[in-house]
Each structure stands twice: as structure tokens, then as C-alpha cells.
Amino acid sequence: MVLYNFKSIQVVPGSRDFVDVVLSKTQRKTPTEVHKQYHISRIRSFYMRKVKFTQQSYHDKLSQIIQDFPLLDDIHPFYADLVNVLYDKDHYKLALGQLNTARNLIDNIAKDYLRLLKYGDSLYRCKQLKRAALGRMCTLMLKQNSSLAYLEQVRQHLARLPSIDPNTRTLLMCGYPNVGKSSFMNKMTRANVDVQPYAFTTKSLFVGHTDYKYNIWQVIDTPGILDHPLEERNTIEMQSITALAHLHAAVLFLIDISERCGYTIKQQVDLFFSIKALFLNKPLIVVINKIDVRRPEDVPADDWALIQSLTDPAKGGVGGTQILPMSTLTEEGVSKVKDVACTTLLADRIEKKMASSKISKDLHRLRTAQPKPRDEKVRSVFIPESVANARLADPDTLNKNKVTLTPGQMEVLQEEQDDLEYQKGIIPIFDINLWKRKYLLKDDSWKFDIIPEIMDGRNISDFIDPDILERLDELEREEEALIEELRANGGDASDESDLDDENQELLDEIHARKSEIKMDRLLGKTGRPKLTRQHKGLDKDHMERTLTRMGVEEEELGDIMDDVADKSRDRSKSRRPSERSLSRHGRKRDRSESRGVSVEGRGLSLNRSQSRGSSKTPAPVDGEGYRDLPQKEEAVMLGKEGMRKRNKLGYKGEGDHHIPNLMPKHLFAGKRGAGKTGRR
Amino acid sequence: MRLEKCYFCGGTVYPGHGIMFVRNDSKIFRFCRSKCHTHFKMKHNPRKTKWTKAFRKLAGKEMTVDKTFDFEKKRNRPVKYDRDLVSATIKVMKRLDVIRERRKRAFYKNRMQGVRAREKMMQLKEIDQHIDIIRAPSALLKMKAKILENKNKIQSMETELGPLNPKPIKKSKPTASE
């Protein structure tokens, strides 16, 4: 059975949208960065990819459209004709054909430009080629605007077409406008078709479904038909004609007996004759509607005769046609009409089916064989003698349930039992032991074992292996070999590693001293000024202690201490006179003299620091730097005078003053912008 | 119920402990504690984090290849319960523990070989270089023999073990005359 789903056709975008979609897709899905310093092959491939991608997306999209729309030659002639009537076959084919051509042209453009791009020698050239290629493709697409717009409209209309299955059981109604086709449809199905008291309320085909004999029947309501030649019929009527021509259905020709529809019975009968060709080979029923307004008995005799002529082949009617009266208002005769229509169609379909060649395939499947006993002989079940004897020997086997159940079956039984209990009002309790009873193990006594899972931080299940013992044996052998090898190598030869005692002591001492030095450095880092050794003088005790610690022996120590004491005495002696003589020309230290001292003391390296030249500054003498003492006294007095005011105000001296910022910039320079804080 | 391995540190995750993270590609990560989880969230590499099993294995601090490890394997095939097999397995596991421990010790010993000697060499060098901060030059003259002995020892050890942390040779800058 072919079912057409015209609803699934994808939206056909307008040409401008089409171009936008494809170009933005190209932009999104292909790399966007290229630089002229790239290798030329890379630049080329970059642009070639863009061109190829655009072509591919155009190709895909157009193919999708071409594929989605139904080919008129492939679909059921009913739909093909309907499409022709509604959208004009030529136009439809032309539009699709144009898209197909566009697709091929785009492919060709891309092919050409890709060929050119292979020889692009710079980024600029490649880019221009790409631009040209995309430009030509897009121009081509823009020209397809009218076809695309047309196809989009067709798509929208197609999606709204009723889904008529041309092959199923169908009732089809036809007749003049306003004879009651739609009302009958509403009575039969739940389609809820619009019914109005003017002609051509129904402008297209409508489908409803009804049930009869447990089957679903398709009921098609068609627009009214007027009696004129085929060429003059409009689109609305043509739909009815198409349906009548192509659908194998029970046709209900409705006649308004009351003539309220605006057409006389004569006109209606004429219509019947003019479209008679369409009723051939179909079950036909003439339905006389609106009998609530005018009973058939009240119809004038000649009109009645006209109606009767419809069934008379001699008078040009169709043979085997029934005439049924009905009123959709009072529902009189409605079900009868449905009944008759359905049964005649069913009979017709069965007849057609039986006549077709395919039926032989189905018929032989339906045969049921019914064997008859050929004689009176009893043919009972055959049980081998041995089995029968065994059964007799062991009577238990007869009593026992001979069927051994699989666990799955047992489970089902259990569930059934649970269900029964549940129905009785007992809530079945899940008991793991009941469950465990069903285990199938090598030994039944294992069934209720608690299976260990974890031991010593490991999963037992990870170790379970049928040949674990063999593997352990192998490991044990390997282990033994290893131990043997170790023993052969002389066991564990421990490296002699420890220092001897003397070295150990030295090392400890070094470590202690190092940490001491470190601590001294840390503690000395106070940042406060320190007295130099010259000012502090010599700490003899400290020196003695240090020397002792450094391993200098007592005799030598005594010598050194004496030596040092001598030298310091010498220096202080020699210094006095020289200082006095030097005071005349400034307080410059006499380097040669101090050096002389240091040369003298070079005997011991320990005293090296002591030998460094003294920088002791003698205290300034009053009156120094002035012409005479009175001048100096005056200067001192003036200085004191100058300080008096400052002392009053609590200033420290000349430098202790404050110049206020009279015009702070931040208060006078306006607001700050987005720059740095310094700028305004 | 299973004991799992922590994704980060490689420790055992006992039932009811730690946290499990399932990434959207359905890979499962288990963590033994929030420490490991946090490290994972910060995208730290367990192979570069010193305290993890992964680091220790990678750095050669622990055995990685050994027959005792082959026994433990996740088998995704259900085996019907067999009391004999399980009890045998448990016995084997205990025995395996012993063997594994012994091998671990041997491995450690092997790894530590020569380390003590190197240490000693370092100590001797320290003594040799810094003796002058605890002894006056005059005192040093008296222990000349000991110093010489140490120097010889260092030299012999150096030939045996190779120099201690050999320094990269610096290229001398070309002098002005060159």
C-alpha cells in the first residue's frame, strides 16, 4: 500500500534566504583565518575548501528539494491528476526542472573555479577567484526566485491536502451543490465539515472515516459539480471529477428531491447522465435526499420517472443501481444508505479480488484440512516396553512429578503463587533463602553459604580462577628459585656505610658550627647600627674561647694573646702624637702609618682584621671653622635666637616645616576620565 | 559490592566511602576522599603528583611488573559459586600476600643499593671542605694524616660510584685576547 506523506516536505526557502543560509553556513563551517605568509598550497586549499563547501551545500539543499517533491509519474494517478488540477502539471515540472538545472550549473561553476584555484599564485588571486565563484553561484540561485516561491506555495498546499488513501474502502459523494453531501458526511463521520446554505461551501476534497463491520471506511466529500462540459469546469469542480475518475469507491450520487438547492430534478438527472462515464465499474447508489421536505410520493410522476430512468440501462441509466430515500435532517434512511453502500462496495471488492490473478497465492493458505478416520482401528500412543516395565518396577515415578522444572519455570511458578497469595490478601515477602533454594550448585549444602566478597583490601572475585592452584604452584617454584639465587649471591651484602667515630664527631661539629653561623647571621640582621670592632675594642675572653675551640693549644694560645696585647698597646701609643700633629690640616687619616701597623701584624692571619686602618674621628673642637672665638660665640647666639620661635611651636629644627598644598589638583582639575589616576 | 581503586591516588575505595563522578562520555571516576576529588577538579595530573600510586609506579619506586599481580584481575564473567574454589582462593590470597611482601622488600633493597655509600661519600666531602670552620690552621697541621686518609677514601669512592651530582660543564667565555 502506497501512502503519500506530503507533510514531510521540507520548507523551501526564498532565493535570498537560500543564499544567506548557504553563505553563512560556509562562513561558519569552514576555517576563517588565512594569512599571506602561509604556504601557497595552504592558501589554495583554504579557498578551494570554501568553494567546494558552498557548492556542496547548494547541491545538498537543491537535491533535498527535488527529492522531497513527488514525481507525478511515480505517484498514484489520482494524486497526479489532483496536482495537475491544483497546481498545473507543467508549471510544477518546470519549477523542479529549473532547480535541477541550477544544481548542475552550480556544480559546473564550482568545478571550473576549483580548476582555476589550483593555479592561484597569491592569497589575493585565490580570494578573488573564490569571490567570483561564490558570486556566480549565488547569482544563479537568486534567479530561481520564482520557482522557489512557487514550490513553497505548492508545499504549503500539499501539506494541507487530506490524506486520502486511493486503495482503501471508500465512499464517495457527488452531486450538484447544496444537495446535502456535506450534511450526509457529518452524519456518517466525525469530520465536522462546514455546512452552509449556499453553493460551493465545500471547495476542496474532505475526508472522514467511519466504521462498518469492524473496518474503517474512508468517506470523501467532494465539492458540488455543475452540468457543463469538462473544459469549462473550474478547479473546484475538477477536484470532484478527479476523485470520481481515479478512486475505486462506492459512489453516492445525491439528488435533492425538494429542489431547494436551486436545481430541478431534471437538471440533476442530466448531470448524472453527463458524468455517467465516471461511474463505470463502480458500485453506484442514487440517494434521494431531503425527503423530510418533500416525500417521494409527492414528486410529480414525470420527475419520478426521470429518477427511475437512472437505474434503467435501456434509458441510458446504470444497471444494478439502487435508489434510496434519505433525510439528513431527520436521519431517516441514513444508516440504510450507509449499509447498502458499504455492502455493495465490499461485494464488489471481493469480486474484483477473486477475479485477479494474485488471489491464488492467498487462497491456498486458507485451506483447512479435516482428516476423517479411515477405519475403526485404535491407534494409541506407543510406549516402549522397557519404559513401561521401568514404570511398573518403580511406582514412585508415576506419582512423582516427572517434569523437572528449569529455574525460569520455577520462578514463574513462584510468581504465580505470590500472585495467588496477594489476591488472598497476603502480601508476599521476599525471602532471600527462598530464593537461594533455587540455586543450582554442585553441592546442595552450599546453597546457603555466605559468599565472602572482600578480604585484606582486595576483591575475592578478582582472584577466583579455576586453575588458581596450578598458578600458585608455579609461583612458588619461581619464588624458591629466587630465594636460592639470592642465597647464592651471598645474601644481602650490606654496604659498609657508616663513618668512623672520629669523622662522625667532626661532621657533627661542622653541622653544629654551621647552624651557629646561620643563627648568628639571622640574629645580626636587625638593621640597627653596630659598633665596629675598633670601637668595641678587643674582647680577649671571646678570642681565647674561640681559639681554644678551634683547637689551638695552650702554649700557642698564650703567645698569640701576648702578641695581640702588644700590638694594640703599640698602636695606641703611636697614634697619640700623630693625631695631634695631623689636626692642623684636617682630620685625614694617615694611611701610610696605619698600613705600617698592619704590615707589622701580618705574622698571624687571625690579627688581620685588627690591622685595618683606624677611622676614629676625633671630637670637634669648639671654635673650629670660625675666625676667632668671639665670632663663634656670636654665631652660636644667633643660632639659638633662630631656634627660639621654633622651640615654642614644638618644631625640631629648620627642616621641620610643612608647606600645605594650597590648590590640591584633585579638587580643582575636574573629573577623572577613563585614563590613569594621574591625568585629568 | 566491590572495592574500587581511587582514580587519583590509586588507594582502595571501600563501599560507602568517597565519591563517584561519571563524565558525559560515561567514563567513571572514583575518588577515595575529597582531597583526591579536589585535585581531579583542579585538573592535576596524578602522574606528576608525588604522593600518588601512579607517580610512584612511574618513577620506579614500586614494583610494576610481577607475577603476583597477575592473579588479581577483573573478570567480567560470572562464575557459579563453588565452595572449594572460594576457600582455595582465600588460601592462595593469603599466601600471595606473603610472597608479594617479600618481593616488595627485595625490590626496595635493590633500589636502595649504593644509596648509603653515596651518602657517606657526601659526608666525607663535607668534612673535607668545611673542616676549616672548626679547626684553626695550626690545629689542622696536627690532623694531617686523618685528612689525607679521608681524601683518599673520597677518591676511591668516586672512581667506584662516579662523581656526586656532576655539574654541567660551563662554557668559558672567550677572553678579550682571543
Q: Using a cut-off of under 4.5 Å on heavy-atom pairs, state which of B/Ile90, B/Leu96, B/Thr12, B/Ile133 scores highest against chain A.
A: B/Ile133
Q: Please say whether more than 12 non-hydrogen atoms of neighbouring residues, nucleotides or ligands are located less than 6.0 Å from CG in A/Asp501.
A: no
Q: Please report the closest heavy-atom contact between B/Leu3 and A/Gly457, naming both atoms and the distance.
A: CD1-C, 3.3 Å
Q.
Quick check for you: to the nearest 0.5 Å, what is the distance between B/Ile134 atom CD1 and A/Lys514 atom NZ?
A. 10.5 Å
Q: Go through the steps to decide whether A/Lys442 and B/Asp84 satisfy the test side-chain contact (heavy atoms from CB on, under 4.5 Å), and finish with yes or no.
A: CA-CA 10 Å; A/Lys442 227 191 258 171; B/Asp84 301 335; 5.8 Å; no
(Q) Counting neighbours of OH on B/Tyr14 that are heavy atoms of other residues, nucleotides or ligands and sit closer than 6.0 Å, is the number greater than 12? (A) yes
(Q) For the interface with chain A, which of B/Glu4, B/Lys91, B/Met143, B/Lys94 has the highest count of heavy-atom pairs at distances below 4.5 Å? (A) B/Lys94
Q | A/Trp446 CH2 to B/Asp82 CG distance, which is reported to the nearest 0.5 Å | A | 4.0 Å
Q | Short N-O contact, A/Arg513 and B/Asp132, less than 4.0 angstrom | A | no
Q: Please name the residue in the list A/Leu475, A/Ile464, A/Asp465, A/Ile468 that meets the side chain to side chain contact (heavy atoms under 4.5 Å, CB included) test with B/Val92.
A: A/Ile468
Q.
Between A/Leu507 and B/Glu126, does the side-chain contact (heavy atoms from CB on, under 4.5 Å) criterion hold? Intermediate values first, please.
A. CA-CA 8 Å; A/Leu507 189 66; B/Glu126 197 178 3; 3.6 Å; yes
Q.
Run the side-chain contact (heavy atoms from CB on, under 4.5 Å) test on B/Met1 and A/Asn459 for me, step by step, so that the C-alpha distance in whole Å, both residues' side-chain angles and the decisive distance to 0.1 Å come before the verdict.
A. CA-CA 9 Å; B/Met1 226 174 310; A/Asn459 295 308; over 6 Å; no
(Q) Counting only heavy atoms not in A/Glu502 (residues, nucleotides, ligands), do more than 12 fall under 6.0 Å from its CD? (A) no
Q: Take B/Arg95 and A/Leu472, measure what side-chain contact (heavy atoms from CB on, under 4.5 Å) needs, and give me the verdict at the end.
A: CA-CA 9 Å; B/Arg95 177 71 191 133; A/Leu472 183 71; 4.1 Å; yes
Q.
Using every non-hydrogen atom in the two residues, find where B/Ala139 and A/Gly551 come nearest and quote the distance to one decimal.
A. CB-O, 3.2 Å
Q | A/Arg471 versus chain B, the contacting section by heavy-atom distance below 4.5 Å | A | both
Q: Please state whether the side chain, the backbone, both or neither of B/Leu85 comes within less than 4.5 Å of a heavy atom of chain A.
A: side chain
Q | Heavy-atom pair of closest approach, residues B/Ser138 and A/Val552 | A | OG-CG2, 3.9 Å
Q | Closest-packed option against chain B by number of heavy-atom pairs under 4.5 Å, given A/His511, A/Glu509, A/Glu474, A/Glu453 | A | A/Glu509
Q. Using non-hydrogen atoms and a limit below 4.5 Å, what part of residues 42-77 of chain B faces chain A?
A. B/Lys67, B/Thr68, B/Asp70, B/Phe71, B/Glu72, B/Lys73, B/Lys74, B/Arg75
Q: Could you tell me which residues satisfy ring-ring contact (aromatic ring centres under 6.0 Å, His included) with B/Phe29, sequence neighbours excluded, listed by chain and number?
A: B/Tyr7, B/Phe21, B/Phe40
Q | Presence of salt bridge, A/Asp449 and B/Arg83, under 4.0 angstrom | A | yes
(Q) Closer than 4.0 angstrom, basic N to acidic O: yes or no for B/Arg2 and A/Asp462? (A) yes
Q: Heavy-atom distances under 4.5 Å only: say whether A/Pro452 touches chain B with side chain, backbone, both or neither.
A: side chain
Q) So which of B/Leu124, B/Ile131, B/Ile147 actually passes side chain to side chain contact (heavy atoms under 4.5 Å, CB included) with A/Leu506? A) B/Ile131
Q | Over 12 non-hydrogen atoms of neighbours within 6.0 angstrom of CD in A/Glu470 | A | yes
Q. Nearest 0.5 Å, what's the CD1-CD1 distance between A/Ile510 and B/Ile127?
A. 5.5 Å
Q. Is the count of non-hydrogen atoms from other residues, nucleotides or ligands lying under 6.0 Å from A/Arg521 atom CZ greater than 12?
A. no
Q: Decide yes or no on salt bridge (charged side-chain N to carboxylate O under 4.0 Å, His left out) for A/Asp500 and B/Lys120, but give the supporting numbers first.
A: CA-CA 10 Å; A/Asp500 54 8; B/Lys120 185 187 173 185; over 6 Å; no
**Q.** Contacts of type salt bridge (charged side-chain N to carboxylate O under 4.0 Å, His left out), residue A/Glu479, not counting sequence neighbours
**A.** B/Arg102, B/Arg103
Q | Counterpart residues, side-chain contact (heavy atoms from CB on, under 4.5 Å), relative to B/Lys142 (two or more places apart) | A | A/Glu553
Q) Non-hydrogen atoms of chain A under 4.5 Å away: do they reach the side chain of B/Leu140, the backbone, both or neither? A) neither
